[in-house]
Amino acid sequence: QKEVEQDPGPLSVPEGAIVSLNCTYSNSAFQYFMWYRQYSRKGPELLMYTYSSGNKEDGRFTAQVDKSSKYISLFIRDSQPSDSATYLCASRANSNTGNQFYFGTGTSLTVIP
Amino acid sequence: DTGVSQDPRHKITKRGQNVTFRCDPISEHNRLYWYRQTLGQGPEFLTYFQNEAQLEKSRLLSDRFSAERPKGSFSTLEIQRTEQGDSAMYLCASRGGGVNSPLHFGNGTRLTVT
């Protein structure tokens, strides 16, 4: 079982729709959760970074973590064609050394004008 | 903050040749990571440096791969005797010293082995 599981999609929505992207993780030691956006032939760009459970909002984006079910979500409101990209979730444990970043496979999103 | 810089952006090489990639992290970041990403997959960890010390290497990093960070600033990743299976995007990322600091990625070097 992979540390972080993510539905690869693809997901296609009309402009203005609310998008819900989801991941599950297996390691209960994970404390930090990230969402990255990756455009074609570019590196991942950090969108959201949250600690433990709860919600975090930044403009049209909301990240949600439910540690009881090991479920992390990213919601995009009023989706725009420029949101068309691959979205990667990532998790890590609470430690200051080494590599503890685990990535999902990414969900490909297309927002249709 | 000029971001993480990688060079070259794209490298095409023939099987059996050696290639070297360079990464310049965000200047105040002491931790540097190399990842490999293939189509439809998330980044896979290759190796990690804290300052100039290489502290962790993945099993994915075969003997043909070597990475250095000689002065704790830029890093190089060399692949010797390239194989077609090495074709991928090689991503560099850096992060600061705080326990809760996230990874910041460069735009990667896309390697094509023919």
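Here the structure is a predicted model, which means the values were calculated and not measured. In what follows, chains are A, B, ... by sequence order, proteins preceding strands, each numbered from 1.
Environment of CZ in B:R64: crowded, with over 12 heavy atoms of neighbouring residues, nucleotides or ligands closer than 6.0 Å. Counting heavy atoms of neighbouring residues, nucleotides and ligands inside a 6.0 Å radius, atom NZ of A:K67 exceeds 12 of them. Around the CD atom of B:Q80, the shell of radius 6.0 Å holds more than 12 heavy atoms that belong to other residues, nucleotides or ligands. The neighbour count for A:R41 CZ, taken as heavy atoms of other residues, nucleotides or ligands under 6.0 Å away, does not exceed 12.
Taking every heavy atom of both residues into account, A:L46 and B:P102 meet most closely at CD2-CG, 3.4 Å. Across all their heavy atoms, A:G43 and B:L91 have their closest contact at CA-CD2, 4.0 Å.
Hydrophobic clustering places B:F65 together with B:L60 (ILVMFWY residues linked when any side-chain heavy atoms are closer than 4.5 Å, directly or through intermediates). At a threshold of 4.5 Å between side-chain heavy atoms, the hydrophobic network of Ile, Leu, Val, Met, Phe, Trp and Tyr places B:V4 and B:F49 in two separate groups. The same ILVMFWY cluster, assembled from side-chain heavy atoms under 4.5 Å apart, contains both B:V19 and B:W34. Hydrophobic clustering places B:L32 together with B:L61 (ILVMFWY residues linked when any side-chain heavy atoms are closer than 4.5 Å, directly or through intermediates). Grouping the Ile, Leu, Val, Met, Phe, Trp and Tyr side chains by contacts below 4.5 angstrom, directly or via other members, places A:Y36 apart from A:F75.
Looking at A:Y51, neither its backbone nor its side chain comes within 4.5 Å of chain B, counting heavy atoms on both sides. Of the two parts of B:Q6, neither the backbone nor the side chain holds a non-hydrogen atom closer than 4.5 Å to a non-hydrogen atom of chain A. If you measure heavy-atom distances from A:Y39 to chain B, you find no contacts under 4.5 Å at all. With a 4.5 angstrom heavy-atom cutoff, A:Q31 does not touch chain B via any of its atoms. For A:P44, the parts lying under 4.5 angstrom from a heavy atom of chain B are both the backbone and the side chain.
At least one side-chain heavy atom of A:F101 sits under 4.5 Å from a side-chain heavy atom of B:Y33. Side-chain contact check for B:Q37 versus A:Q38: some heavy-atom pair is nearer than 4.5 Å.
Residues from residues 105-114 of chain B that place a non-hydrogen atom less than 4.5 Å from a non-hydrogen atom of chain A comprise B:F105, B:G106, B:N107, B:R110, given in numerical order.
Under the 6.0 Å cut-off for aromatic ring centres, A:F103 and B:Y35 qualify, their centroids lying closer than that.
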